[in-house]
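In what follows, a single structure is set out as structure tokens and then discussed.
Chain identifiers are assigned alphabetically (A, B, ...) following the order of the sequence lines, protein sequences preceding nucleic acid strands; residue numbering begins at 1 within each chain. Keep in mind that the numbers below use all heavy atoms, side chains included, and drop hydrogens, waters and symmetry copies.
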There are 2 protein chains.
Amino acid sequence: MTTAQRPTLEAVARRAGVSRATVSRVVNGSTTVAEEIQEAVRRAVAELGYVPNLAARTLVTQRTDSIALIMPEAATRVFSDDQVFPGIIQGVSQELEAADKQLVLMLAGSAAGHDRVERYTLGRHVDGVLFASLHGADPLPGTLARAGIPAVCSGRPLDDSVPYVDVDHLGGVSRAVAYLLDAGRQRIATIAGPQDMVAGIERLAGYRDTLAAAGHPPLVAVGDFTRESGAAAMRQLLDRHPDLDAVFAASDLMAHGALRTLREAGRRVPDDVAVIGFDDIEMAAYTDPPLTTVRQPIKEIGREMTRLLLRMATGQPFEQTVILPTELVIRESA
Amino acid sequence: MTTAQRPTLEAVARRAGVSRATVSRVVNGSTTVAEEIQEAVRRAVAELGYVPNLAARTLVTQRTDSIALIMPEAATRVFSDDQVFPGIIQGVSQELEAADKQLVLMLAGSAAGHDRVERYTLGRHVDGVLFASLHGADPLPGTLARAGIPAVCSGRPLDDSVPYVDVDHLGGVSRAVAYLLDAGRQRIATIAGPQDMVAGIERLAGYRDTLAAAGHPPLVAVGDFTRESGAAAMRQLLDRHPDLDAVFAASDLMAHGALRTLREAGRRVPDDVAVIGFDDIEMAAYTDPPLTTVRQPIKEIGREMTRLLLRMATGQPFEQTVILPTELVIRESA
DNA sequence: CCCTGTCGTGAGAGCGCTCTCTCAGAGCGC
DNA sequence: GCGCTCTGAGAGAGCGCTCTCACGACAGGG
């Protein structure tokens, strides 16, 4: 334990022959300080290797210069290989880096974990809170909003309590289904996601609407975004509708599971059954056959959430809703 | 902005009819306070919804109760779908939660990002630093160690400057290769990982050693842990050694790429060529055929790193090195 | 020439907490 | 009954910073 006492403002001030206040002004970029004094202060800072003590600053400014990113640890989507998790983090991180703020990551798994998150965020230990893939109707965003703590969700919160960033699920799904229809597919089924998550709900709605508009009946099985659930749902669909000739899966992972089931059932893809997924994860290009899918800009979600939050935190005008575009990526499965 | 003034120690003290010091004692779990007074204080805390101001506490205790996890943003391994990243975070997070500390996540991509990490960690804004998959010979761990700031790496740092946690690469690889030998494979090739990363180096060494001990010549191609590189390396190997009958790939992603190349080349797996990967990522169970691979306990790495760091930070005795076991998972590709 | 305004700097008061030091009072031996 | 130790609680000093306010110097207008 080297106890090399770190230099304080005081030390810098003495060395530069000015007052603490002046050093503070220079360090924080005030323009009202004479050029040569600024120079002297900066030299002293460099010579002493001065680094401001954030705790002391926080104590008086009431800013922490850090924001929390809350992720539900248990959520299937988060820790499987669908890359939503790393993608969002990466986006958030980039945007925070530009703003010179810190990222405090909290995985809220257990009930105890949730309490901890609540204590920490409501205790104003961060300047704002980002929620990634909310599970159901968590009251925390609303609570934070009421406490005046900026918060942003990814995906529309069920109670509309805070601003959110989401992708155009409906548009993406609609394009995917339209593509299948254009290709002459007659019996288009879907493997839907969990119906307590916005992504699950919206993607199913998009499927229903587009199909209804074309006068086709919906063929629905429900999964939970995982491969296993996709494989199981596919079996169910084949049982109930042996004549289906296309499937839209609400996640690439489920599409992957479906692909396996189809192969086991002896159906050729895309000849017998066309398959389209959603997400465009890394793996989608490497399935057999490569997966046609709806790409969503995950990293952008993280970035937009962060931008929105920072605007809220600094009192700038901000939108209640940001919707990012999705895109149909054509490969070989459809 | 609701400016509901948050209650301070002072307020709690007044309400409970005691001094600030006593409230502090109760809040921090000192035992030298009479039971009924503790009770009164706790009631006041609950009634007022008091939450300690961490910044104020940090200012005097010099503890921040948070630790930094540094990840190289650019590293191929980190943001592809090999799940090393989420796995480590999850492990770290669980262990920190138990210790009631916060996780500050920093992605050090650019040179500017690296500077930022250095300033932040050397500025003692965290109680300790965790490095995930170091790239080459980063001097930062050593610098931190010299500054008396606890740090732990995943994988042996090239300069041995700080304690580290790693898995038993050699043992795992050795078991995999021995398994291939036992199955009567004669021409066993490897797709190695990048040779500037410990994981890449050690896994290749394990392959060489085991093969040499059995009197077989090494057949080596080098990749960078990604699918594409695995596919390319496999092509190279088939070109150079058309008679090979087994491949050990240093990552599942590369094994996946190799699988595709082998299929394109008309080789059957495992009949013509046996394939073994390393990592046991989620996807390994879903390749065609399902991948035999060496499992490494990623989440445990995160947990062990954190435990080690916390021990260092609290001045308890700690090991310089923790090696976690690997395990051969037999599926169908070998 | 004085008064007012402007600009740049310093003095000093806290921000909310912990921790040392002090002190009151209880218990006990002689 | 005196003085000792011991326990439990309070007083008060700061941790390092920001920010308001005051103040001196100088310029310009009356």
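In this entry the distance linking CG of B:L54 with C1' of D:dC15 reads 15 Å, nearest Å. Put simply, CZ on B:R6 is 14 Å from P on C:dC15, counting in whole angstrom units. As rounded to whole Å, 13 Å separates atom P of C:dG10 from atom CG of A:L9. Taking atom CG on A:D65 and atom C1' on D:dT18, their separation rounds to 13 Å, with Å as the unit. Protein atom CZ of B:R14 is 12 Å distant from nucleotide atom P of C:dC17, rounded to whole Å. The CZ atom of B:R20 sits 15 Å away from the P atom of C:dT20 (whole-angstrom rounding). Here D:dG16 presents its P atom at 17 Å from CG of A:N28, a figure rounded to the nearest Å. Across the protein-nucleic acid pair, B:R57 atom CZ and D:dG16 atom C1' stand 18 Å apart, rounded to whole Å.
The side chain of B:I37 lies closest to D:dA9 when the candidates are C:dT18, D:dA9, D:dC19. You'll find that the side chain of A:N53 is closest to D:dG16, out of D:dG10, D:dT18, D:dG16. Looking at the side chain of A:A21, the nearest of the listed nucleotides D:dG8, D:dC17, C:dG12 is C:dG12. For B:P52, the listed nucleotide lying nearest its side chain is C:dC17; candidates were D:dA9, C:dC17, C:dC15. Here the side chain of B:L59 is nearest to one of D:dG16, C:dG8, C:dG10, namely D:dG16. Checking D:dA9, C:dT18, D:dT18 against every side-chain atom of A:V60, the shortest atom distance belongs to D:dT18.
No side-chain heavy atom of A:L309 sits under 4.5 Å from any side-chain heavy atom of A:E95. With contacts defined as side-chain heavy-atom distances shorter than 4.5 Å, the pair B:F131/B:L144 qualifies. Between B:V322 and B:R307 the shortest side-chain heavy-atom distance does not fall below 4.5 Å.
You won't find any donor-acceptor pair under 3.5 Å spanning the side chain of A:R25 and the base of D:dT18, going by distance alone.
Scanning all heavy atoms of the two residues, the minimum distance from B:A132 to B:P72 falls at O-CD, 3.2 Å.
Side-chain N/O atoms of A:T22 include one lying less than 4.0 angstrom from OP1 or OP2 on C:dG10. A sub-4.0 Å separation between OP1 or OP2 of C:dT18 and a side-chain N or O of B:S24 is present.
Toward the 5' end of DNA chain D, the nearer of the two residues B:S19 and A:V51, judged by each one's closest nucleotide, is B:S19.
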Would you check, one step at a time, whether the test side chain to side chain donor-acceptor pair (under 3.5 Å) holds for B:Q316 with B:T314? CA-CA 6 Å; B:Q316 295 170 53; B:T314 51; 2.8 Å; yes
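When Watson-Crick and G-U wobble pairs are counted only if both distances are under 3.5 Å, D:dC6 pairs with C:dG25.
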